[in-house]
2 protein chains.
Amino acid sequence: MSSATIYDVAAAAGASIKSVSRVLNGEANVSAALRERVMAAVEALGYRRSISARALAGAASSIIAALVDAELTIEHWRSGRGNDYLSRLEMGALMEVRRADHHLMVELVDHASPGLKRDLSALLASIRPRGVILTPPNSDNAVVLDALDEAGIAYARIGPERDLHRGVCVAMDERRAAYDMTAYLIEQGHRRIGFVTGPAAYAASRRRLEGYRAAMAEHGLETPEDFVAQGDFTFQSGVAAIAGFIDRRTRLTAVFASNDDTALGVLQGAAARGLRTPQDLSVAGFDDTPGAMFATPALTTIRQPVAEMAALAARHLVPGLLTEAEAAAAPPSGGCLLAPYELMVRDSAAALTPRRSRS
Amino acid sequence: MSSATIYDVAAAAGASIKSVSRVLNGEANVSAALRERVMAAVEALGYRRSISARALAGAASSIIAALVDAELTIEHWRSGRGNDYLSRLEMGALMEVRRADHHLMVELVDHASPGLKRDLSALLASIRPRGVILTPPNSDNAVVLDALDEAGIAYARIGPERDLHRGVCVAMDERRAAYDMTAYLIEQGHRRIGFVTGPAAYAASRRRLEGYRAAMAEHGLETPEDFVAQGDFTFQSGVAAIAGFIDRRTRLTAVFASNDDTALGVLQGAAARGLRTPQDLSVAGFDDTPGAMFATPALTTIRQPVAEMAALAARHLVPGLLTEAEAAAAPPSGGCLLAPYELMVRDSAAALTPRRSRS
DNA sequence: TTGAAAGCGCTAACAA
DNA sequence: TTGTTAGCGCTTTCAA
């Protein structure tokens, strides 16, 4: 019924509780014989140390807390958009922490709450996690970082934009991904490739634009002003952007939008104006949201390595999880640890057939 | 730095730690003055009790563990299908537990592991959660239920099929939902409505079929053998089903598939045979998976109240969370607590225009 | 290489 | 109505 304690194990092994503790913690100076007996007893009793007792006694906690933004999450949930990001993040973290017998706790934080600092400090005091995984927008919330620093709790920040020296930073190479997508479109024969930006306030959006420009330039292609439309990451801004391109007779053969929502807007806007995708216009997005796969045509896009970023974060938060290569690698020079993205080639972008250049 | 303890609060309030404890636990026999002073001190110090110390000292734990199936979850993740189910479940549970200052821990369990019982018992021993939320297929795993019973830990089962007297059972009314969808199609003027089943082994599938038959019968409509095709919840079985209907000249005007994957198969199969949806054939699904909304046409379906089921489960696991009505309600007579589903009317099913009956 | 004892921050008996 | 004291199951000094 009531489960075994360290005393039961010690008794069964004919040893002291300290010896059991030593064995379980992998401390040095334990005879093989003792270790053997202890492990046998542990096995026989199905014993597992209480995380509460361990935490209380001062051992490092075995809990990793994922702090996700309440407002954003609830908003996604309400709107029926789902929380693909959240579940991918969790899966990535879970797969890693369980290898080290750690546990994942999910906490909602109100990034806009005036009592944020207090609430968070209290939360951290009551949980005392081994480490914390921060997602946007909390990755860049100074109040959150301060609370964590004060509590002396390690943290990993997913997709941070500022102060990259604080905590462990994990991200994807936005610039390079955008470069790759642009290069892919160029390989497909496109020359007149337009770009729809996100809000300038987002570093990610700025880097994607950089990647696009760099790829174009390196392939000897121009990116005149009218190839770049200002968007804001919304579907509507995609619709507006393509309408603008058409109205101004920019004559593009491909449009690369800096996120999927916008790309979906481009898709629909193009269709509304009688352009077929991908025959008349190729469209590419960025993010690989759930809707991308189901769009018609399925959207060619960049898959954000959300799970991999979380896994990377977890490996850096829990001792013993890093691969040798990772452990040996020098800390990223003033930047983030990078997780590999994926170019999802689907149906919305195709090779340019040498007949037309519309839009 | 290091956070306040109950001693600090007691000192600041000029009281004993027991008094602080009493106030915090809302015990009776505390003078208003004392309560006042204690709360002020708590407030001033930003104090929050350590969950470890509380748990160790024998207080009920404040952790709710969600046990999700490892294999299923990883498989969903790998296949890129995502885990909408998981994130909806978590959101529902999170929103509730945080109201009572509880925490959500997510654990993966290998339902097929031979060491399941041991592993789970060890896990429960080390965490000692206040309660556990079980998702399919673990909701019906006797080994899991036994381990929980032995550990004396309360649990709620989402969508269980057997032994409904064990633990708190939470589900949706599958039969009634299928009835409603069928009735909806009938209201739209359809008379020749086909049905594609899921695997007979699933109780949910059987109940959906019952609901369909009941609605048809109550509206004086026949459901001859050839109106019902055997499926297995896969996309492919939907394709096969519609092909069968067409080949056998069943002349249906609507097809109700017992899950979304199957319905999507029907959609595609119909299109491949030159049937337009919804003009020539109305199609309805069941589940509201992420793909349903993005399908072309968007799938009319039943939305499983995953978040609501999890919320209901959480409310029954954490004391003080039940609404008065819920607390007063008699336990469901040998069945499950029911969460309200939703009929998502989208574009794949339309009113029957009186010209044709195809397929 | 091993063990005895103290204490982590709480709650729960038991007194006062 | 309040306070004192003894644990909960571990890890951590400190000795042996």
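Hydrogens, waters and symmetry mates play no part in the numbers below; they use all other heavy atoms, side chains included. Order of the sequence lines fixes the chain letters, A, B, ..., with proteins taken first and strands second; residue numbering starts at 1 for each chain.
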> Of all heavy-atom pairs between A:P319 and A:L317, which one has the smallest distance, and what is that distance?
Replying inline: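 Distance-wise, the nearest heavy atoms are CD-O, 3.6 Å.
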> Would one find a side-chain N or O of B:S16 under 4.0 angstrom from OP1 or OP2 of D:dG3?
Replying inline: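 For D:dG3, OP1/OP2 do have a side-chain N/O of B:S16 under 4.0 Å.
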>> Let me test you: for the helix from C:dT1-D:dA16 to C:dA16-D:dT1, what is the angle between the axes at its two ends (five pairs each), rounded to 10 degrees?
In response: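 The angle, to the nearest 10 degrees, is 30°.
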[X]: what forms a salt bridge (charged side-chain N to carboxylate O under 4.0 Å, His left out) with it, not counting sequence neighbours?
X      : value
B:R166 : B:D146, B:D149
A:E71  : none
A:R162 : none
A:D140 : A:R157

> For DNA chain C, which residues in residues 19-31 of chain A have a heavy atom at a distance below 4.0 Å?
Replying inline: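 Here the set is A:S19, A:R22, A:N29, A:V30, A:S31.
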> Which of residues 34-48 of chain A have a heavy atom under 4.0 Å from DNA chain C?
Replying inline: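 Nucleic-acid contacts, sorted: A:L34.
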Quickly work out the [X] [atom1] to [N] [atom2] distance and round it to whole Å.
X      : N      : atom1 : atom2 : answer
B:I17  : D:dT4  : CD1   : P     : 9 Å
B:R128 : C:dT11 : CZ    : P     : 18 Å
B:I127 : D:dG9  : CD1   : C1'   : 15 Å
A:I6   : C:dA4  : CD1   : P     : 13 Å
A:L56  : D:dC8  : CG    : P     : 13 Å

>> If you assign each of A:R54 and B:A57 to its closest nucleotide in DNA chain D, which residue comes earlier from the 5' end?
In response: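 By nearest-heavy-atom nucleotide position, the 5'-most residue is B:A57.
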> What salt bridge (Lys or Arg N to Asp or Glu O under 4.0 Å) pairs are there with at least one residue in residues 29-42 of chain A, not counting sequence neighbours?
Replying inline: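 Salt bridge (Lys or Arg N to Asp or Glu O under 4.0 Å) check on residues 29-42 of chain A returns no pairs.
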>> Can you identify which nucleotide, out of C:dA5, C:dT11, C:dG9, has its nearest atom closest to the B:R49 side chain?
In response: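 Of the candidates, C:dT11 comes closest.
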> Does any donor-acceptor pair link the side chain of A:K18 with the base of C:dA4 at a separation under 3.5 Å?
Replying inline: no
> At what distance, to the nearest 0.5 angstrom, does OH of A:Y155 lie from CG of A:L145?
Replying inline: 4.5 Å
> Excluding sequence neighbours, so at least two apart, what forms side chain to side chain contact (heavy atoms under 4.5 Å, CB included) with B:P136?
Replying inline: B:Y85, B:S139, B:I158
>> Taking side chain to side chain donor-acceptor pair (under 3.5 Å) as the definition, give me every residue that meets it alongside A:S62, ordered by chain and number, with sequence neighbours left out.
In response: none
>> Between A:A15 and B:T5, which residue's closest nucleotide on DNA chain C lies nearer the 5′ terminus?
In response: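 The residue whose closest nucleotide sits nearer the 5' end is A:A15.
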For residues 88-96 of chain B, tabulate all N or O donor-acceptor pairs below 3.5 Å that involve a side-chain atom, not counting sequence neighbours.
{"from": "B:R88", "atom 1": "NH1", "to": "B:D84", "atom 2": "OD2", "distance (Å)": "3.2"}
{"from": "B:R88", "atom 1": "NH2", "to": "B:Q304", "atom 2": "O", "distance (Å)": "2.3"}
{"from": "B:E96", "atom 1": "OE1", "to": "B:R99", "atom 2": "NE", "distance (Å)": "3.1"}
{"from": "B:E96", "atom 1": "OE1", "to": "B:R99", "atom 2": "NH2", "distance (Å)": "2.7"}
{"from": "B:E96", "atom 1": "OE2", "to": "B:R315", "atom 2": "NH1", "distance (Å)": "2.8"}

Report, one line per pair, each donor and acceptor closer than 3.5 Å where one atom sits in a side chain of residues 106-125 of chain A; sequence neighbours left out.
{"from": "A:E107", "atom 1": "OE2", "to": "B:H103", "atom 2": "ND1", "distance (Å)": "2.5"}
{"from": "A:H111", "atom 1": "ND1", "to": "A:D69", "atom 2": "OD1", "distance (Å)": "2.7"}
{"from": "A:H111", "atom 1": "ND1", "to": "A:D69", "atom 2": "OD2", "distance (Å)": "3.1"}
{"from": "A:S113", "atom 1": "OG", "to": "A:G115", "atom 2": "N", "distance (Å)": "3.1"}
{"from": "A:S113", "atom 1": "OG", "to": "A:L116", "atom 2": "N", "distance (Å)": "3.4"}
{"from": "A:K117", "atom 1": "NZ", "to": "A:E150", "atom 2": "OE2", "distance (Å)": "3.2"}
{"from": "A:R118", "atom 1": "NH1", "to": "B:E43", "atom 2": "O", "distance (Å)": "3.2"}
{"from": "A:R118", "atom 1": "NH2", "to": "B:E43", "atom 2": "O", "distance (Å)": "2.9"}
{"from": "A:S121", "atom 1": "OG", "to": "A:K117", "atom 2": "O", "distance (Å)": "2.9"}

